[in-house]
Amino acid sequence: MKPKMILAPSMLSADFKNLGEEIKAVEKGGAEFLHIDVMDGIFVPSISFGMPVIKSIRSATDMVFDVHLMIVDPIRYIKEFASSGADLITFHLEAAEDPQAVIDEIRSHGCKVGISIKPKTPFEDVIPYMDKVDMLLIMTVEPGFGGQKMMPETIGKVRAARDYVTEKGLTTDIQVDGGVKYDNINIPLEAGANIFVAGSAVFGADTFGETKRFVEYLANR
Ligand code: DX5
Ligand code: ZN
């Protein structure tokens, strides 16, 4: 079965003084996921936002809250992110001592599970978890900041992951994050990704219009 194509605008690039309106714009534009980047200043150099912000925006929309945890030892905070309103929680393989324990913890709080790998982590490292998670997030930039250029060397992993999922008959979604633009989204798409995070390409002068353009493109693929 053909996987569903989904746009996940990354809130990191939103105008925070108008956050409620920015969220409404991507929702109205047809985005199904809202990608929420949580950074701790240790796993990645920057610090973004956390539970209070997520809690506060939960009532603004019914979009799926796709929470991308870029934090060390993620198991410590799963319960709080789940109760803040996350629907899907993605943690980094590189940040977890016992990835299976994190998966179990996320499920125990009723959320869907994503696992992510950074550009230098080979796909093989995540294979043991592919049938245990709902989504694999392949970082197409080094995590930490929005507005970077997609790294072409990460695309081979997208292809390997799609081949693996097809061969094993899995339904695991494949998400890409970093440097996705309207004029290059076809690259990870043709390699087999089906969930596309886009931050700086979506939020800006015409957040609604850009969202719609991506969503229409994906609907026709
Ligand atoms: C980077 C974050 C991304 C980021 C993407 O560490 O995980 O989600 O917001 O931003 P763009 O689309 O601008 O590369
Ligand atoms: Zn992200």
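What's counted below: heavy atoms across the whole structure, side chains too, no hydrogens, waters or symmetry copies. Both counts, for ligands and for their atoms, begin at 1 and track the order of listing.
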When you draw lines from the Zn ion (ligand 2) to OD2 of Asp177 and to ND1 of His68, what angle lies between them, to the nearest 10°?
90°
Is [Y] paired with [X] through a side-chain N to carboxylate O contact shorter than 4.0 Å?
X: Glu32; Y: Lys4; value: yes
X: Glu105; Y: Lys79; value: no
X: Lys55; Y: Glu80; value: no

Any atoms of ligand 1 less than 4.0 Å from a non-hydrogen atom of [X]? List them with their elements.
X: Val197; answer: 8 (O)
X: Asp177; answer: 2 (C), 3 (C), 4 (C), 5 (C), 7 (O), 8 (O)
X: Met70; answer: 6 (O), 7 (O)
X: Met139; answer: 7 (O)
X: Pro143; answer: 6 (O)
X: Gly178; answer: 14 (O)
X: Ala198; answer: 12 (O)
X: Asp37; answer: 2 (C), 3 (C), 4 (C), 7 (O), 8 (O), 9 (O)

Could you tell me which N, O or S atom of His35 is nearest to the Zn ion (ligand 2)?
NE2
Atom name in Asp37, limited to N/O/S, at shortest distance from the Zn ion (ligand 2)
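The closest N, O or S atom of Asp37 to the Zn ion (ligand 2) is OD1.
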Assess [X] for proximity to ligand 1: is some non-hydrogen atom of it under 4.0 Å away?
X: Ala201; value: no
X: Lys181; value: no
X: Val141; value: no

Looking at [atom], what's its closest protein heavy atom, distance included?
atom: atom 10 (O) of ligand 1; answer: Gly146 CA, 3.5 Å
atom: atom 13 (O) of ligand 1; answer: Ser200 OG, 2.5 Å
atom: atom 11 (P) of ligand 1; answer: Gly147 N, 3.6 Å
atom: atom 1 (C) of ligand 1; answer: Phe145 O, 3.5 Å

Step by step, would you call Arg221 with Tyr217 a side chain to side chain donor-acceptor pair (under 3.5 Å)?
CA-CA 7 Å; Arg221 292 301 301 238; Tyr217 175 80; 3.0 Å; yes
Taking atom types as modelled and ignoring hydrogens, do the side chains of [X] and [Y] form a donor-acceptor contact shorter than 3.5 angstrom?
X: Asp66; Y: Gln175; answer: yes
X: Lys181; Y: Ser200; answer: yes
X: Asp37; Y: Ser10; answer: yes

Whether His68 and His35 hold their rings parallel, tilted or perpendicular, with breakpoints at 30° and 60°:
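Tilted: the ring planes of His68 and His35 meet at 30° to 60°.
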Aromatic ring proximity Phe196/Phe214, centre distance under 6.0 Å:
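That pair fails the under 6.0 Å test.
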Tell me whether Ile54 is reachable from Leu137 by hopping between hydrophobic residues (I, L, V, M, F, W, Y) whose side-chain heavy atoms are closer than 4.5 Å.
no
Identify whether NZ of Lys or CZ of Arg in Lys118 sits under 6.0 Å from the centre of the six-membered ring of Phe43 and within 45° of that ring's axis.
yes
Using the ring of Phe123 (Phe, Tyr or Trp, six-membered ring only), decide whether Lys157 places NZ or CZ under 6.0 Å from its centre and within 45 degrees of its axis.
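No, Lys157 does not lie over the aromatic ring of Phe123.
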Just to be sure I read this right, does ligand 1 sit under 4.0 Å from the backbone of Ser10, its side chain, both, or neither, counting only heavy atoms?
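For Ser10, the contact with ligand 1 is made by the side chain alone.
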For atom 6 (O) of ligand 1, which of the options Gly144, Ser13, Gly179, Gly199 provides the nearest non-hydrogen atom?
Gly144
